[in-house]
Protein chains: 2
Amino acid sequence: MTKIKESSTYNANREIVMQECPVTYVMSKIGGHWKPIILYHLLSGSKRYSEIKKAMPHITEKMLIQHLKQLENDSLLTREARPIVPPYVTYSLTESGRELELVINAMASWAFKDMKRNAA
Amino acid sequence: MTKIKESSTYNANREIVMQECPVTYVMSKIGGHWKPIILYHLLSGSKRYSEIKKAMPHITEKMLIQHLKQLENDSLLTREARPIVPPYVTYSLTESGRELELVINAMASWAFKDMKRNAA
DNA sequence: ACAAGTACTTACCCGAAAGTATGTATCATG
DNA sequence: CATGATACATACTTTCGGGTAAGTACTTGT
């Protein structure tokens, strides 16, 4: 897990902004290149680690577990490991995570509209 | 304007992801600490540069104009400068920018729900 | 004995985003 | 003639997210 320095303007601003800006709050949970994609793939149901990996060929393993852990910490998904070998680990969305579908849909419909507009 | 190096894995991945992920598309337009706040302040109507600045005490001038220009480039707002001195410049949302209100609302309602859930 | 499969972990590096500090143009006013 | 107001611009530095490459643990199959 990457350590975070506390006393920087960067983080000070981030916190200030977080408290007043729900958009930034959401970004802090699902921002970055990979999180939305992970969530998207889990919207269709629980998946094994290796299944997610297969579904996202461009992500590195480091990034994948890093984000899976962050999403787990943020209570957007849960991890279930069966104590067998080879390991069998599944990830599923929580209530909170599933509710993001509405947000994602709102973003998607704006995005498609905007892409069309800018293409014309 | 910040120059962008083309041949990096980072940007390669970014482009791959952008084409398939509307969420990332939206993020590329309104991501970062400040853009959503700027948009939020403009939702209540056109504002002068100095008014926006006053409304966002923590942002530096560099960040403010940088993001205003990016938002203008992305056609989310328009800039109107009256040729007088001292300068009088106003910023207003475009159609595209105003349509983001729906997205912002979806995000906000999820954020508040999630904040409450995590506080309990 | 050794490779293969699964789900990670760790050390190191690089580039983009954000922040700091200072400078610029124009004119009105004291 | 110098100060203030407005809306920027630019050089430099720090911070953080992301990427590369390699290693780990445990067991089954050959």
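Given the structure is predicted, the values throughout are model-derived calculations rather than measurements.
Protein atom CG of B:Leu68 is 11 Å distant from nucleotide atom C1' of D:dC8, rounded to whole Å. The interatomic distance linking A:Trp34 (CH2) with D:dG18 (P) rounds to 9 Å, in whole Å. If you take NZ of A:Lys62 and P of D:dA22, they are 15 Å apart, rounded to a whole angstrom. Rounded to an integer number of Å, the gap from A:His58 NE2 to D:dG18 P is 16 Å. A:Gln66 has its CD atom 19 Å from the P atom of C:dA7, to the nearest Å. The distance from atom CD1 of B:Ile59 to atom C1' of C:dA17 is 13 Å, rounded to the nearest whole Å. Here D:dC16 presents its P atom at 15 Å from CE of A:Met63, a figure rounded to the nearest Å. In this entry the distance linking CD of A:Glu80 with C1' of C:dA7 reads 15 Å, nearest Å.
Here B:His33 does not reach the OP1 or OP2 of C:dG19: none of its side-chain N or O atoms lies under 4.0 Å away.
Hydrophobic clustering keeps B:Tyr88 apart from B:Leu64 (ILVMFWY residues linked when any side-chain heavy atoms are closer than 4.5 Å, directly or through intermediates).
In the helix from C:dA1-D:dT30 to C:dG30-D:dC1, the end axes, each obtained as the rotation axis mapping the C1' atoms of four pairs onto the next four within a five-pair block, lie 30° apart to the nearest 10 degrees.
Across all strands shown, B:Arg82 has no heavy atoms under 4.0 Å from either base or sugar-phosphate atoms.
Side chain of B:Thr60, nearest nucleotide from D:dG19, C:dA7, C:dT20: C:dT20. Here the side chain of A:Thr9 is nearest to one of C:dA18, C:dT20, D:dG18, namely C:dT20.
Counting heavy atoms of neighbouring residues, nucleotides and ligands inside a 6.0 Å radius, atom OH of A:Tyr40 does not exceed 12 of them.
For the segment residues 87-94 of chain A, residues with any heavy atom less than 4.0 angstrom from an atom of DNA chain C are, sorted by number, A:Pro87, A:Tyr88, A:Val89, A:Tyr91. Using a 4.0 Å cut-off on heavy atoms, the residues of residues 43-54 of chain B that approach DNA chain D are B:Arg48, B:Tyr49, B:Ser50, listed by number.
Screening A:Leu71, A:Leu100, A:Leu42, A:Thr78 against A:Leu93 for a side chain to side chain contact (heavy atoms under 4.5 Å, CB included) leaves a single residue, A:Leu42.
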Report task. Using the side-chain contact (heavy atoms from CB on, under 4.5 Å) rule, take B:Met56 and B:Met63 through it: C-alpha gap first, then chi angles, then the decisive distance, then the call. Result -> CA-CA 11 Å; B:Met56 304 174 60; B:Met63 282 296 113; over 6 Å; no
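Taking CD1 of A:Ile52 as the reference point, atom CD1 of A:Ile37 lies at 12.5 Å (rounded to 0.5 Å).
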